[in-house]
Amino acid sequence: MTELNVIHLFEPKLATGDEKALLRTHLVLAQQDLLWKLEGLSDEQLRRPMTKTSTNLIGIIKHLTGVTAHYLISSFGREREIYAWEEGDEPEFWFGGDMWATPDESPADLIAAYRRACEASLVALDAMDLDTVGTHHTGVKVSLRWMILNVLTDTLRHTGHADILREAIDGSVGVDPILSNTVDGTDDEYWSKFRQRVTGELTRDEWIAYCKSRD
Amino acid sequence: MQTGTEAEVLKLMLDFQRVEMVRLATGLTAEQAAWRPHDEANSIAEMISHLAWVERWWFGHVFGGSALNPKDDPLWPGFAAAGERPIAELVEFYVEAWKESDVVWVGADLEEVVPTKHGPTSLRWIVVHLIEETARHAGHADITRQMLDGTRST
């Protein structure tokens, strides 16, 4: 995957540049941020079902591998890699089979497959213009422009899921590898005070006075 | 619409995520709306409040030039501004904020550039940024809501 720095978010060329360069770069950044959310965790942590519906970090990656490749490549009539879990007529695919890693599937292999899907999608994206019309799986005709935004928002929505899961697993938070603080200049004391505000131990005025005292 | 102009598709995508946020904030008790899954996470009420402030910042102040600058308020970025306000009132505040945003940007030239602390920034960048930010928070709300009452996302 092209290594982009999050600073690219604000690169003048993109901030005032053309539509396709902006969408392409933001898609790559969203994919990188999601992968960063998984860094440094053990296989068990990546596989751990975290909610009532068993949402788990590696399942998000496995799911988005198919989503990304299907929407950005197959939907426009182009050939793509078929991933092991999509092969044949495995009925479990339709019953949540792409939302978790089976014991035979290693998280590292699934992450590698996601990276391949992201790269192949960029190759397809680069070969088409934004008005190219493809078919969504519901049968609706959509432009490449719509589809990129669809995959971008889907990726971000799942990254939002990963934000909460990761925090529950080891307490790590952050938007991306560089802007990793959730609020400028925050620290444990800030969060402890903020918690007191939320639980009612601090009044509005005390909280505002505290925030101003930090400036 | 899915094959429409750039502006139409951007509006469609932004509205979809905004409406998702409202859906995720609907039908919660006061206690549920204020509940947070972890210490540093935000409640759904706080997310709604924050997103209203973000709309007012980017579209109202930065692009629209409104004198109302949410960053002047010590409660910026607006999470804590949720306070004790009922969730239905916060949702109304959010919808009002996005309607004001739409008056400012819908129909404007996406290539129009305004100064920001990051340098000159186009309306296109701002709209894409709002779509991204709203989607990421909707992801937080998805999991928060699922933990609260098992409501699943679309």
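Every chain is numbered from 1 and lettered A, B, ... according to where its sequence line falls, protein lines coming before strand lines.
With a 4.5 Å cut-off on non-hydrogen atoms, B:L123 does not touch chain A at all. Of the atoms belonging to A:D154, not a single heavy atom falls under 4.5 Å from chain B. Residue contact with chain B, scored on non-hydrogen atoms closer than 4.5 Å, involves the side chain of A:V140 exclusively. At a 4.5 Å heavy-atom cutoff, the contact between B:E6 and chain A is made by backbone and side-chain atoms alike. With a threshold of 4.5 angstrom between heavy atoms, A:L23 approaches chain B through side-chain atoms but not through N, CA, C or O.
A salt bridge links B:D102 with B:K11: the closest approach of a Lys/Arg side-chain nitrogen to an acidic carboxylate oxygen falls below 4.0 angstrom. Classification of A:D126 and A:R24 as a salt-bridged pair holds, one side-chain N sitting under 4.0 Å from a carboxylate O. By the 4.0 Å N-to-carboxylate-O rule, A:E206 lies too far from A:R197 to be salt-bridged with it.
Both tests pass for B:R85 against the ring of B:F93: distance under 6.0 Å to the centre and angle within 45° of the axis.
Of the listed residues (A:A162, A:G200, A:A168), the one with the most heavy-atom contacts under 4.5 Å to chain B is A:A168. Contact tally against chain A (heavy-atom pairs below 4.5 Å) for B:R36, B:E111, B:E8, B:E84: the top residue is B:R36. Interface check for chain A: of the options B:T5, B:T3, B:L10, B:T134, the most heavy-atom pairs under 4.5 Å are formed by B:T3.
Within residues 37-52 of chain A, the residues that have a heavy atom under 4.5 Å from a heavy atom of chain B are A:K37, A:M50, A:T51, A:K52, listed by number.
In this pair, B:H129 and B:W125 present their aromatic rings parallel. The plane angle is below 30°, not in the 30 to 60° band. Relative ring orientation between A:Y83 and A:W85 is described as parallel, the plane-to-plane angle staying below 30° on a 0-90° scale split at 30° and 60°.
Here the two rings, on A:H70 and A:H137, have centers that are 6.0 Å apart or farther.
For the side-chain contact (heavy atoms from CB on, under 4.5 Å) test, no residue two or more places apart in sequence or in another chain qualifies with B:E92. Applying the side-chain contact (heavy atoms from CB on, under 4.5 Å) criterion to A:A30, with sequence neighbours excluded, gives A:L152, A:T155, A:L156.
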Exercise answer: donor-acceptor pairs, residues 62-75 of chain B side-chain atoms, under 3.5 Å, sequence neighbours excluded:
{"from": "B:S66", "atom 1": "OG", "to": "B:L68", "atom 2": "N", "distance (Å)": "3.0"}
{"from": "B:N69", "atom 1": "OD1", "to": "B:K71", "atom 2": "N", "distance (Å)": "2.9"}
{"from": "B:D73", "atom 1": "OD1", "to": "B:L75", "atom 2": "N", "distance (Å)": "2.8"}

